[in-house]
Protein chains: 2
Amino acid sequence: MKIGELAARTGCQPVTIRYYEQAGLLPVPPRSEGNYRVYTRAHEERLLFIRNCRALDMSLEEIRQLLDYQDNPSGDCSEINALVEAHIEHVSSRIKVLQQLQDKLVALRQRCTGAEPSCSILQELTAGEPHVSQDSDSHVGHSH
Amino acid sequence: MKIGELAARTGCQPVTIRYYEQAGLLPVPPRSEGNYRVYTRAHEERLLFIRNCRALDMSLEEIRQLLDYQDNPSGDCSEINALVEAHIEHVSSRIKVLQQLQDKLVALRQRCTGAEPSCSILQELTAGEPHVSQDSDSHVGHSH
DNA sequence: TAAACACCCTATAGTGGCTATAGAGTCAAG
DNA sequence: CTTGACTCTATAGCCACTATAGGGTGTTTA
Ligand SMILES: [Zn+2]
Ligand SMILES: [Zn+2]
Ligand SMILES: [Zn+2]
Ligand SMILES: [Zn+2]
């Protein structure tokens, strides 16, 4: 299987596959005579694993850990559980922050009556309120 | 006011202030004899505006737009309202995605009984389900 | 006067998870 | 034998910063 077919099978672009190889998540595949990467079902499974994890917004580092547990099974689920638990916390704490932002944004939208000399939204944003910084220990990302 | 004081007043690092200048969000300030940037209250207000917007997770591009409306007031709130509305949509769509991920993650955690030969969590992640890609038109970021 | 120290300057590279581009090679079909 | 689809490598860009190196400035203290 060449990279294009693997990409089509996994819903993933060839460049991304090469990137995962570079990042040490996918094992380096053998090459054909013409220097093309040649993949097997094992690669496909592993890539699907990665894509499933990415679809859950795990970081590549978290995925690296899970793959490591998979490659060196210890019969102990506790580390896997801890990782999943930690990632649930990443996601849920990000949700909380975003919900607070949403509340503030809705309140901000409310401020505009359309009848002011200068829009109240801009005035509100100019006001120097105690600004709450976003927590940076969570890795679950931004809205843009 | 030198950059350190401005940074302290706005809860923002000096490097970030220079970055905003470079990015065209803060006007280039005059320099002192010793080539230090010298800021005024006007700079402080503008930087507070930017930080307030960033605290709401707006992108620098969105902030650029708002600053532009502020610098060229048209008496028309509709563009400002549209921008805020669009950003609320960025945030809320990100929240929806993350809530779905959270549900899946909780279900995933549930799978581990601690009694399997190989952890069911890894098996579930290996399974090649139809993977739902995250929408990429929203700019509100990731959990990590 | 000199040394220490806090602050400031520029320039460059790194972060994460890709995407985009340039320039070249491979391979099957017409 | 040329076209076209695919592949290769290497490099740069995206966002909003953060980190580092290597130097200059300015005040305080020994
Ligand atoms: Zn995580
Ligand atoms: Zn208004
Ligand atoms: Zn937005
Ligand atoms: Zn288990």
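Naming convention: chains lettered A, B, ... in sequence-line order (proteins, then strands); numbering from 1 in each chain. Because the structure is a prediction, the values reported are computed rather than measured.
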Tell me the interatomic distance from A:Glu62, atom CD, to C:dG16, atom P, rounded to whole angstroms. 12 Å
Give the nucleotide from the list C:dC18, C:dC8, D:dT7 with an atom nearest to the side chain of B:Ile3. C:dC8
In whole angstrom, give the distance that lies between atom OH of A:Tyr20 and atom P of C:dC18. 4 Å
Same cluster for B:Ile80 and A:Val106 if Ile/Leu/Val/Met/Phe/Trp/Tyr side chains link at under 4.5 Å? yes
Using the side-chain heavy atoms of A:Lys2, tell me which of these nucleotides is nearest: D:dT7, C:dC18, D:dA16. D:dT7
Using whole Å, what does the distance between atom P of nucleotide D:dT9 and atom CD1 of A:Ile17 come to? 13 Å
Nearest-angstrom distance from the residue atom CD of B:Glu21 to P of C:dC9: 9 Å
Establish, with yes or no, whether the OP1 or OP2 oxygen of D:dT9 is under 4.0 angstrom from a side-chain nitrogen or oxygen of A:Arg18. no
Whole angstroms only, please: what is the OH-P distance between B:Tyr19 and C:dC9? 18 Å
For the CZ atom on B:Arg41, are there more than 12 heavy atoms of other groups (residues, nucleotides or ligands in this structure) within a distance under 6.0 Å? no
Integer-rounded Å distance: C:dC8 P and B:Glu33 CD: 17 Å
Salt bridge or not for A:Asp57 and B:Lys104, using N-O below 4.0 Å? no
Name the closest nucleotide to the B:Thr16 side chain, picking from C:dC18, D:dA16, D:dT18. D:dT18
Nearest to the side chain of B:Tyr36, which nucleotide is it out of C:dC18, D:dA16, D:dG26? D:dG26
Please give, in whole Å, the distance from D:dG13 P to B:Glu61 CD? 18 Å
By nearest heavy atom, map B:Met58 and B:Asn35 onto DNA chain D; which one lands nearer the 5' end? B:Met58
If you assign each of B:Val15 and B:Glu5 to its closest nucleotide in DNA chain C, which residue comes earlier from the 5' end? B:Glu5
Measure the spacing between OG1 of B:Thr10 and OH of B:Tyr20 and express it to the nearest 0.5 Å. 9.0 Å
Judged by modelled atom types alone, do B:Glu124 and B:Ser120 share a side-chain donor-acceptor pair under 3.5 Å? no
For B:Arg37, answer base if it contacts any base atom (sugar-phosphate contacts may also be present), sugar-phosphate if it contacts only those atoms, and nothing otherwise; contact means non-hydrogen atoms under 4.0 Å. sugar-phosphate
Rounding to an integer number of Å, can you tell me how far A:Leu6 CG sits from D:dT7 P? 10 Å
A:Gln13 side chain near C:dT19 phosphate (N/O to OP1/OP2, under 4.0 Å): yes
At less than 4.0 Å, is any side-chain N or O atom of B:Arg31 found next to OP1 or OP2 of C:dT10? Yes or no. yes
Applying a 4.0 Å non-hydrogen cut-off, can you work out what A:Ser32 is touching in the nucleic acid: base, sugar-phosphate, or nothing? nothing
